[in-house]
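To find a chain, count down the sequence lines: A is the first, B the second, and so on, and within it residues start at 1.
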Protein chains: 2
Amino acid sequence: MLSFTEENYLKAIYKIYEKEKDVASTNAIAERMSTTAASVTDMMKKLAAKNLVIYEKYKGTRLSPTGHQIATTLIRKHRLWETFLVEKLDFSWEEVHIIAEQLEHIDSDKLIERLDDYLDRPKYDPHGDPIPNAEGKYTLREQIALNQLYKGDKGVLIGVKNHDDQFLSYLNDLKIGLGTKLEIIDKVMYDKSIKVKIDDQGPVLLTEKVSRNLFLKKTNQN
Amino acid sequence: MLSFTEENYLKAIYKIYEKEKDVASTNAIAERMSTTAASVTDMMKKLAAKNLVIYEKYKGTRLSPTGHQIATTLIRKHRLWETFLVEKLDFSWEEVHIIAEQLEHIDSDKLIERLDDYLDRPKYDPHGDPIPNAEGKYTLREQIALNQLYKGDKGVLIGVKNHDDQFLSYLNDLKIGLGTKLEIIDKVMYDKSIKVKIDDQGPVLLTEKVSRNLFLKKTNQN
DNA sequence: AAATGAATTTTGATTAGCCTAAAAATTCTC
DNA sequence: GAGAATTTTTAGGCTAATCAAAATTCATTT
């Protein structure tokens, strides 16, 4: 049985690996866990002794197959719970992360599978992130960030890169959510801001910082 | 913020108090928590320092108003989650306790209230136990143990005293659950066993050990 | 009121997770 | 490739929660 803390370390390593596609450095793990490098070194030794990670002094840490399995299960649980909170309990997408951080540690295989069934085996969570299946596999969709599109392009929002409270609330204010149709009216070269039409509403100006964090499925050809 | 462990201590004290209507002795708490009296003494000092319990050396421990509030909230959460697991995820009543022991520690007021709404504000959990409301109040029903009834009496099962896996599974086998109609066909004075008709099925013999643990609402007068 | 036995507390240790400060290894820079 | 800067590890210590064993207090009996 793993502790809450050990599980969180494995998840942190997984997340770093997802981005870097390389070993997770001690400092990177420390930053993600809001702790010190010294604590990370201690924990890596412990997890290595349990064969959950492959740790090489001064080189960094990778997940072992077992560690990887545990990490993807945590992601699966997290995203299923987020889906439950939004779909069934009517939470909004910026509220669910904190609660799911707790729920993901509930230990019951049967519970996860029943929850998955109850939600009709969803493939994506309320932020558009893929939900791994029981084997840890998930399917990525073809998606492109809004700032990569051109004037005249149209698309539907299928995911967000940033899961920040503030960012998501800002999108709520703009009435932008998953499934929202967006069309690029104009791009301002000077500051890379983009004027978009939102679900047939009047046009709105989005800064590059925002448009970079919106993933669309293109609905026009070219 | 309380730890998982501190919360469990408060719940243990509450449960002892529910039964004994008196102070909870150090040994009684130790037994419920499967720990030693020494550990309990340490913890009582800590909880007393936080004003969650009233602890008097060598005398025993009672809950403070704050401690009582926390304990009933835990019971509330536990019973709501059990209800969720049975009603929505189709678990059976003997499986839910272990999982709810974990879920009850999830910290989010909004989550509890949303869950309560989602379940249509149930008053009783899958074992027939009352669910405290947000203020910690609950309503007891008029109920009587099956072994207190007489030949010819009829009733509906509205609760069970024992929550043991084995006991509940045995009831499942007999097709006895909450809402099941029972009628006393005969009482054997010698061993206090009772012959009952179950929901219009053929009669079955129940030992006193079983009948003592079944709470009914009487449906005949006399 | 002393003695006995049970209940409870104190004492001294252990483990997990974390920290700071110092030392060591690695990487960068010129 | 030597020295500087950065990263990582080691060393030593702290706190929370636990335990076994010893000491204390309480309750009861004689």
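Checking C:dT20, D:dC19, C:dC18 against the side-chain heavy atoms of A:T36 singles out C:dT20 as nearest.
The closest side-chain heavy-atom distance from A:M44 to A:I29 is below 4.5 Å.
Between B:F84 and B:F91, a ring centre-to-centre spacing not shorter than 6.0 Å is recorded.
The pair A:K110-B:E95 meets the salt-bridge criterion, since a charged nitrogen lies less than 4.0 angstrom from a carboxylate oxygen. By the 4.0 Å N-to-carboxylate-O rule, A:E6 lies close enough to A:K50 to be salt-bridged with it. Note on A:E135 versus A:R76: no salt bridge recorded, every NZ/NE/NH1/NH2 to OD/OE distance being 4.0 Å or above. With respect to B:K11 and B:E18, no salt bridge is recorded, no charged nitrogen being found less than 4.0 Å from a carboxylate O.
Rounded to an integer number of Å, the gap from CE of B:M44 to P of C:dT8 is 12 Å. D:dT9 atom P lies 10 Å from atom CG of A:D42, rounded to whole Å. Straight-line distance from the CE atom of B:M43 to the C1' atom of D:dC19: 14 Å, rounded to whole Å. One atom, NZ of B:K45, and another, P of D:dT18, lie 15 Å apart when rounded to the nearest Å.
Residue B:T5 is classed as a sugar-phosphate contact, given heavy-atom separations below 4.0 Å to backbone atoms only. Across all strands shown, A:T41 has heavy atoms under 4.0 Å from base atoms, whether or not it also approaches the sugar-phosphate. A:F4 comes within 4.0 angstrom of nothing in the nucleic acid, heavy atoms only. Residue contacts for A:T35: at a heavy-atom cut-off of 4.0 Å it reaches the sugar-phosphate backbone alone, with no base atom in range.
Contacts between residues 11-19 of chain B and DNA chain C, defined by a heavy-atom separation below 4.0 Å, involve no residue at all. In the region residues 25-32 of chain B, proximity to DNA chain C at under 4.0 angstrom, judged on heavy atoms, holds for B:S25, B:T26, B:N27.
Cation-pi geometry between A:K88 and A:Y118 is met: under 6.0 angstrom from the ring centre, within 45 degrees of the axis. Cation-pi geometry between A:R141 and A:Y124 is met: the NZ or CZ atom falls under 6.0 Å from the ring centre, inside 45° of the normal.
For residues 126-149 of chain B, the set of pairs meeting the ring-ring contact (aromatic ring centres under 6.0 Å, His included) definition, not counting sequence neighbours, comprises B:H127-B:H163. Residue pairs meeting the ring-ring contact (aromatic ring centres under 6.0 Å, His included) criterion with at least one partner in residues 26-75 of chain B, sequence neighbours excluded, are B:Y14-B:H68.
Put simply, B:Y9 has no side-chain N or O that comes within less than 4.0 Å of OP1 or OP2 on D:dA16. Not one side-chain nitrogen or oxygen of A:Y55 sits closer than 4.0 Å to the OP1 or OP2 atom of D:dT8.
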For nucleotides 23-28 of chain C, tabulate all protein N/O to nucleotide N/O atom pairs closer than 3.5 Å, reporting atom names and distance.
from, atom 1, to, atom 2, distance (Å)
C:dA25, O4', A:Y58, OH, 3.4

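Contacts of B:F4 classified as ring-ring contact (aromatic ring centres under 6.0 Å, His included), with partners at least two apart in sequence or in another chain: B:H105.
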